[in-house]
Protein chains: 2
Amino acid sequence: MIQLDDIDWQIIAALQDDARMGYRELGRQVSLTAPAVTSRVRRLEEAGVILGYSARIDPAAVGYGIEGFIHIASGGRRQSYAIAAQAEAEPRVLEDHRVAGQSDHIIRVVAESLSALEPFVDALNDDGRPVTSLVFSSPKRWSPIPRPQAL
Amino acid sequence: MIQLDDIDWQIIAALQDDARMGYRELGRQVSLTAPAVTSRVRRLEEAGVILGYSARIDPAAVGYGIEGFIHIASGGRRQSYAIAAQAEAEPRVLEDHRVAGQSDHIIRVVAESLSALEPFVDALNDDGRPVTSLVFSSPKRWSPIPRPQAL
DNA sequence: TCTGAAAGGTGATAACC
DNA sequence: GGTTATCACCTTTCAGA
């Protein structure tokens, strides 16, 4: 695992806050010149610390009336793979996590409407017991990953 | 709700894929000049379609051994607010959603270790019944929000 | 709402410490 | 690992359609 110093964390914080920031401005914020921050950012990208840069889109603002989480306790390994395959194939699935706990998969979805979500949940029923939670509101919609405390 | 045309969706797709792309390159991809895409992007930002731009960070790569979801069925309105307040105050909480379904809140957390997570879950116990799911792996870690099908 | 041109700012690289 | 210097390219602004 790559070792990250104070400046790396300032860079990580700044780019989580505004991924479009230029290298010069980024350098200003961490008291380094542009070429120096550029090479640090490259290093963070190559180490897999920075996975990519994305615009955050508001699902509701682009026509998704429904946001939700689907939990599934699958019947076994074969079913778990089948669920992952369905999650992979459905673009309305934004995330699919295999978890330990009451469910095997936690799937994050958006949908145009409840009826648009229905066929997907029905399909999941072949491989487990889907339990759907629909988002009313998000008191914390997104937050940057903070610097960890010492282990 | 703002009306989005084909070009807007090409822009949304491109910026979800790479938020650091320059306006000139973005213009190339959507067959527009740089000033034209710039003004469209501004419009998307001002309409709240684009909420911001973020570097995606791998929690495991920066020292978070634990990623998880905590579901809580709270006792009532007072408790639900108390949970939201705790989620807001804890930086390891990346998201807090109020949902309809078996739980009232779905909280996404990272933690340095299981023992680092424990006090937070304990604190939630004052306001509801937390059920924790720990992420083994993420077959779909992140996916861009696609263009909705016609409603 | 888009294009094209001008000016200043930025990103990438090289040479050096 | 860092800085300074250089140049090509990009962003921004504005006039015009």
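Chain naming here is simple, since letters A, B, ... match the order of the sequence lines and numbering starts at 1 in each.
With no hydrogens or angles considered, no side-chain donor-acceptor pair links B:Gln16 and A:Tyr53 at under 3.5 Å. A:Ser138 and B:Arg98 share no side-chain donor-acceptor pair at under 3.5 Å. For the residue pair B:Asp104/B:Ser74, the side-chain donor-acceptor check at 3.5 Å is satisfied.
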Could you give the side-chain donor-acceptor pairs of residues 115-133 of chain A under 3.5 Å, partners two or more places apart or in another chain?
from: A:Ser115; atom 1: OG; to: A:Ser113; atom 2: OG; distance (Å): 3.2
from: A:Asp127; atom 1: OD2; to: A:Gln86; atom 2: NE2; distance (Å): 2.8

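In terms of the ring-ring contact (aromatic ring centres under 6.0 Å, His included) criterion, residue partners of A:His71 (sequence neighbours excluded) are, by chain and number, B:His71.
Nucleotides of DNA chain D nearest to A:Ser31 and B:Glu25 differ in position, and the one nearer the 5' end is that of A:Ser31.
Between D:dC10 and B:Arg28, a contact under 4.0 Å exists linking OP1 or OP2 to a side-chain N or O. Of the side-chain N and O atoms in A:Thr33, one or more sit less than 4.0 angstrom from OP1 or OP2 of D:dT3.
Between chain B and DNA chain C, the heavy-atom contact criterion of under 4.0 Å yields a 5' to 3' nucleotide range of C:dC2 to C:dG4.
The distance from atom CG of B:Leu26 to atom P of D:dC10 is 13 Å, rounded to the nearest whole Å. Between A:Ile7 atom CD1 and D:dG2 atom C1' the separation is 10 Å, expressed in whole Å. One can place CG of A:Leu32 at 14 Å from C1' of D:dT4, the figure rounded to the nearest angstrom. Taking atom CZ of residue B:Arg40 and atom P of nucleotide D:dT11, one finds them 17 Å apart after rounding to whole Å.
Proximity of residues 43-55 of chain B to DNA chain C (heavy atom under 4.0 angstrom from any strand atom) is not detected for any residue. For the segment residues 10-22 of chain A, residues with any heavy atom less than 4.0 angstrom from an atom of DNA chain C are, sorted by number, A:Gly22.
Residues A:Asp6 and A:Arg147 are paired through a salt bridge, judged by an N-O separation under 4.0 Å between the basic side chain and the carboxylate. Taking the charged nitrogens against the carboxylate oxygens, B:Arg108 and A:Glu95 do have a contact shorter than 4.0 Å, which makes a salt bridge. Using a cut-off of 4.0 Å between Lys/Arg side-chain N and Asp/Glu carboxylate O, A:Arg28 and A:Glu25 are scored as salt-bridged. Salt bridge absent: A:Glu67 and A:Arg92 never bring a charged side-chain N and a carboxylate O closer than 4.0 Å.
A side-chain contact (heavy atoms from CB on, under 4.5 Å) with A:Val109 is found for one member of A:Ile66, A:Asp96, A:Val93, A:Leu134 and no other, namely A:Val93.
Nearest heavy-atom pair, B:Gly48 versus A:Ala61, reported as atom, atom and distance to 0.1 Å: O-CB, 3.9 Å.
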Identify all pairs in which a protein N or O lies below 3.5 Å from an N or O of nucleotides 12-14 of chain D, and state each distance.
none

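For the pair B:Ile145 and A:Tyr64, the minimum side-chain heavy-atom distance is below 4.5 Å.
The CZ atom of B:Arg20 sits 12.5 Å away from atom CG of B:Leu15, with the distance rounded to the nearest 0.5 Å.
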